[in-house]
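Order of the sequence lines fixes the chain letters, A, B, ..., with proteins taken first and strands second; residue numbering starts at 1 for each chain.
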Number of protein chains: 2
Amino acid sequence: MSDLLERLRGRGWRLTAQRRVVAEVLDGDHVHYTADEVHARATERLPEISRATVYNTLGELVSLGEVLEVSTDGRAKRYDPNAHHDHQHLVCSRCGTIRDVHLDSDPLAALPVPERFGFQVSEVSVTYRGICPNCHSHS
Amino acid sequence: MSDLLERLRGRGWRLTAQRRVVAEVLDGDHVHYTADEVHARATERLPEISRATVYNTLGELVSLGEVLEVSTDGRAKRYDPNAHHDHQHLVCSRCGTIRDVHLDSDPLAALPVPERFGFQVSEVSVTYRGICPNCHSHS
DNA sequence: TTCTTGACTTAGACAATGTCCAATGTAGGA
DNA sequence: TCCTACATTGGACATTGTCTAAGTCAAGAA
């Protein structure tokens with residue numbers, strides 16, 4: 001993700017301190033923060049950054065395809081910087097922990113053509129739910 | 001779904017006008033209303049029904065396994081009465097239309113054991129996204 | 001049938017998440 | 001360095017959902 005800023009500048013992004021900080025917070029492969037968590041972490045480095053800017057920047061990163069938006073629970077959306085590696089998510093029903101997982105087969109292939117009802121299907125997301133080892137041993 | 005009320009009574013549910021109306025609104029196999037849509041439709045039959053009761057009743061139906069909660073977009077959750085037939089969802093990215101679809105293979109099988117990280121996986125939901133024929137022809 | 005009671009419903013306050021806008025600031029090209 | 005189009009800010013507002021205290025009622029008991 002270190003070249004993310006370069007890539008963005010190449011697309012005409014104006015590079016501001018706020019955008020840099022948001023991108024830095026998202027740096028890492030297995031991070032799934034909510035917008036508020038991103039804001040809290042960004043605030044540690046740049047105290048005046050506003051909520052609106054964090055929302056704007058996250059939205060832009062999503063539009064640019066650099067970050068994925070994940071909504072696993074109907075609560076706050078989470079932002080996943082691991083957008084360039086196909087993966088799905090495994091969520092603990094108890095504590096909410098999220099893990100990236102990789103599948104054996106392409107889930108698109110599991111949807112037969114007659115079941116596509118003429119849609120041009122372009123995307124699929126799979127969410128597995130269960131109890132994580134930690135929650136399980138504490139139950 | 002006509003015997004839903006019987007089933008619920010058998011489980012000790014007190015049968016009220018409000019609950020009956022909510023269940024009637026959800027009657028049908030391919031319905032995916034938000035809580036507010038359920039409330040609007042319920043209000044047509046029972047003008048005094050409150051939002052809180054609609055939320056309570058939907059929550060109870062979900063706990064009882066009679067209705068599925070679906071959150072496809074991070075906005076309002078939708079309620080799917082087709083809980084007794086395994087299925088997944090196909091969503092139009094343009095207009096938000098939702099269709100129930102049936103898969104060729106069990107998506108649980110696509111997650112290799114080493115990718116389960118010790119979770120006891122009990123549930124999987126798959127959401128396909130694309131452009132529906134109607135939106136496609138109008139574009 | 002009437003009574004009783006605990007479960008149900010209600011209105012509205014509150015909470016969590018996200019969006020919008022007018023005023024102000026600033027990155028980067030000329 | 002200066003300009004200006006784009007970015008940021010704070011706060012109001014919108015949407016969705018939760019909670020509570022007070023009133024209401026379904027259904028079993030007598």
For residues 34-42 of chain A, which residues have at least one heavy atom under 4.0 Å from DNA chain D?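 None, since no heavy atom is under 4.0 Å.
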Can you pull the salt bridge (Lys or Arg N to Asp or Glu O under 4.0 Å) pairs that have at least one residue in residues 45-58 of chain B, sequence neighbours excluded?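 Qualifying pairs, neighbours excluded: Glu24(B)-Arg45(B).
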Run the salt-bridge test on [X] and [Y] with the 4.0 Å N-O cut-off and return the result as yes or no.
| X | Y | result |
| --- | --- | --- |
| Glu6(A) | Arg11(A) | no |
| Arg78(B) | Glu37(B) | yes |
| Glu60(A) | Arg19(A) | yes |

What integer distance in Å separates [X]:[atom1] from [N]:[atom2]?
| X | N | atom1 | atom2 | result |
| --- | --- | --- | --- | --- |
| Tyr33(A) | dT17(C) | OH | P | 17 Å |
| Leu58(B) | dT16(D) | CG | C1' | 13 Å |
| Leu46(B) | dC8(C) | CG | C1' | 13 Å |
| Glu69(A) | dT17(C) | CD | C1' | 12 Å |
| Leu8(A) | dG28(C) | CG | P | 12 Å |
| Asp73(A) | dT17(C) | CG | C1' | 12 Å |
| Arg75(A) | dG18(C) | CZ | C1' | 13 Å |
| Gln18(B) | dT9(C) | CD | P | 5 Å |

Between [atom1] of [X] and [atom2] of [Y], what distance do you get to the nearest 0.5 Å?
| X | Y | atom1 | atom2 | result |
| --- | --- | --- | --- | --- |
| Leu111(A) | Asp106(A) | CG | CG | 10.5 Å |
| Tyr128(A) | Thr72(A) | OH | OG1 | 15.5 Å |
| Tyr33(B) | His39(B) | OH | NE2 | 15.0 Å |

Side-chain donor or acceptor of His30(B) paired with backbone N/O of Ile98(B) under 3.5 Å: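 Not at all, since once roles are kept as given, no pair shorter than 3.5 Å links the two residues.
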So, His89(A) versus His32(A), ring centres under 6.0 angstrom or not?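 Centroid separation for His89(A) and His32(A): below 6.0 Å.
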Return the 5'-most residue of the pair Gly74(B), Gly12(B) with respect to DNA chain C, ranking by each residue's nearest nucleotide.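 The answer here is Gly12(B).
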Tell me, for nucleotides 18-30 of chain D in 5' to 3' order, what letter each nucleotide earns: B for a base near a protein heavy atom under 4.0 Å, S for only sugar-phosphate near one, - for neither? BB-----BBS---
Taking for each residue the nucleotide of DNA chain D bearing the nearest heavy atom, is the 5' side occupied by Tyr79(B) or by Ser50(A)?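 Between the two, 5'-proximity favours Ser50(A).
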